[in-house]
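Have a look at the structure below before the remarks.
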Protein chains: 2
Amino acid sequence: MSIRKTGKIRVRRAPEDARENILAAAERLLVVEGPLALKLAEVAAAAGVANASVLHHFGSIDGLHAALMERMVRQLIAEVLALADKGGPTRDDTQEAVFQALFDVFENRNAARLAAWLELTGEWRRMTHVREAVREVVARRASFGDVTPKQAEDLVLISVTLAMGAGLFGRALAELIGKPSGHAREVATEMLRVFHAAQCEKR
Amino acid sequence: MSIRKTGKIRVRRAPEDARENILAAAERLLVVEGPLALKLAEVAAAAGVANASVLHHFGSIDGLHAALMERMVRQLIAEVLALADKGGPTRDDTQEAVFQALFDVFENRNAARLAAWLELTGEWRRMTHVREAVREVVARRASFGDVTPKQAEDLVLISVTLAMGAGLFGRALAELIGKPSGHAREVATEMLRVFHAAQCEKR
DNA sequence: AGCTTTATTGACAAAAATGTCAATAAGAAA
DNA sequence: TTTCTTATTGACATTTTTGTCAATAAAGCT
């Protein structure tokens, strides 16, 4: 056993490492157990530290929530942009890559649950970098030139909306009608393809 | 003022009325303040009764939650089915009416927030009547005959997914790119129309 | 009227969650 | 080594939220 009764051993981390350790544990909790599991005691236990340590680094439970939101939003944005950059040679390939990136992030990484939580609590409006990131995505999309700028805006808007909806409700709804869990995503991407094609024609 | 100090006047309701009063207040709270506001004290205050009364009728705060979920899901299903029945003369009109019904319910009535809450807490799987209702919707849709049964299933799946996504995230995302709040819904319905048309062609 | 049932409630108890603080110890610097 | 900073922690205090209970009173019944 590695339990000591008398000799007191503590893991002492650099402040950033300590914060990272706690935030990673909190993120795991959020994704697996849902937002209700984000209690002080649960987060501390998951991170392997004392309650007081969490408060030391984040000030309060709300501070932890805010830090977690910020971290996850940053990861999310970075991931979408990175995946979008790895588009194929043609425009259609690139568009397809962006769609897949969106669904990967929102469905597989469970970012949709975070987004829903942010929307329900209404706390996300403070994060200005979200606004900037969205602007960047729209600008990139519009630069392709296969659709008008207005169409590009609509495409981004509807892609993200659909990816979030599918990421949050897709599995449950698919199960509900007896389809495999990935079915909602398939139909969603198909619909986006059709819509994009129609946009290109109508331009 | 209508405050009495000595004479004790109580409102005594029939059990169903009392439950209804409390549930209505709770629903108002959920929609306006979000799921975090569903505390015993807040619900009781909103309903104008004592905390103990809420517990008397629902046993516990979890009992209240469950009853609220059930009630809202029932209302939601009834509303969608009723609106879907009021379809226009042609098939396209009927389809359009169903789309509008979905978006009305999920966006305007804020049912999307409830759905998100149910998904995050994972409590909705117990409600079997949801499964039955979805089956009924699919059956109705398939009976139109303008698409194959498989396509009908996909259409229901994707319509609901999109309506929920738009209802929950639409306003925020539209604002984020500087569009009017109803824009997400417009684009969403347009995309559904395009997809439906493509389905009919491909049949 | 009196009697019965039970919805209602205030006061209180219990539990859960958050936050405080002084003491400790790990690591860096002197 | 000694000193200093501060991350860490257990014990405790505070706040919030939930749940209990006996007394009250509103409505139906005889």
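No hydrogens, no waters, no symmetry mates; every other heavy atom, side chains included, goes into these values. Within every chain, numbering begins at 1; the chains are lettered A, B, ... in the order of the sequence lines, protein sequences first and strands thereafter.
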Side chains of B:Arg141 and B:Gln95: is there a donor and an acceptor less than 3.5 Å apart? yes

Side-chain donor/acceptor of B:Arg10 to base of D:dT24, under 3.5 Å: yes

Report the relative orientation of the aromatic rings in A:Phe99 and A:His196; use parallel for angles under 30°, tilted for 30 to 60°, perpendicular for over 60°. perpendicular

Minimum-distance nucleotide (side-chain atoms of A:Ala18 versus D:dA26, D:dT8, C:dG19): D:dT8

From NZ of A:Lys39 across to C1' of C:dA15 the rounded distance in Å is 13 Å

How long is the line joining CG of A:Asp17 and P of C:dA28, in whole Å? 12 Å

Determine whether A:Leu38 and A:Glu27 make a side-chain contact, defined as any pair of heavy atoms from C-beta on separated by less than 4.5 Å. no

Between atom CG in A:Leu64 and atom P in C:dG19, what is the gap in whole Å? 10 Å

More 5' along DNA chain D: B:Val11 or B:His65, using each one's nearest nucleotide? B:His65

Taking OP1 and OP2 of C:dA7, is either one under 4.0 Å from a side-chain nitrogen or oxygen of B:Ser53? no

Interatomic distance, A:Asp62 CG vs C:dG19 C1' [rounded to whole Å]: 12 Å

Separation of C:dT9 atom C1' from B:Asn51 atom CG, nearest Å, is 10 Å

To the nearest angstrom, how far is A:Glu16 atom CD from D:dT6 atom C1'? 13 Å

Can you confirm whether A:Glu16 sits close enough to A:Arg19 that some side-chain heavy atom of one is under 4.5 Å from a side-chain heavy atom of the other? no

I'd like to know if B:Glu20 and B:Arg71 make a salt bridge, using a cut-off of under 4.0 Å between side-chain N and carboxylate O. yes

For A:Ala52 and for A:Leu40, find the nucleotide of DNA chain C with the closest heavy atom, then tell me which residue's nucleotide is more 5'. A:Leu40

Rounded distance (Å) that lies between atom P of C:dA26 and atom CD1 of A:Ile9: 8 Å

Can you find an N or O donor on one side and an acceptor on the other, under 3.5 Å apart, linking the side chain of A:Arg13 with the base of D:dT8? no

Among the nucleotides C:dA26, C:dT20, D:dG19, which one has an atom lying closest to any side-chain atom of A:Leu55? C:dT20

Find the distance B:Glu42:CD to D:dT16:P and express it as a whole number of Å. 12 Å

Could you check whether A:Ile61 gets within reach of a base, just the sugar-phosphate, or nothing at all, counting any heavy atom under 4.0 Å? sugar-phosphate

Would you say a side-chain N or O of A:His56 is under 4.0 Å from OP1 or OP2 of C:dT20? no

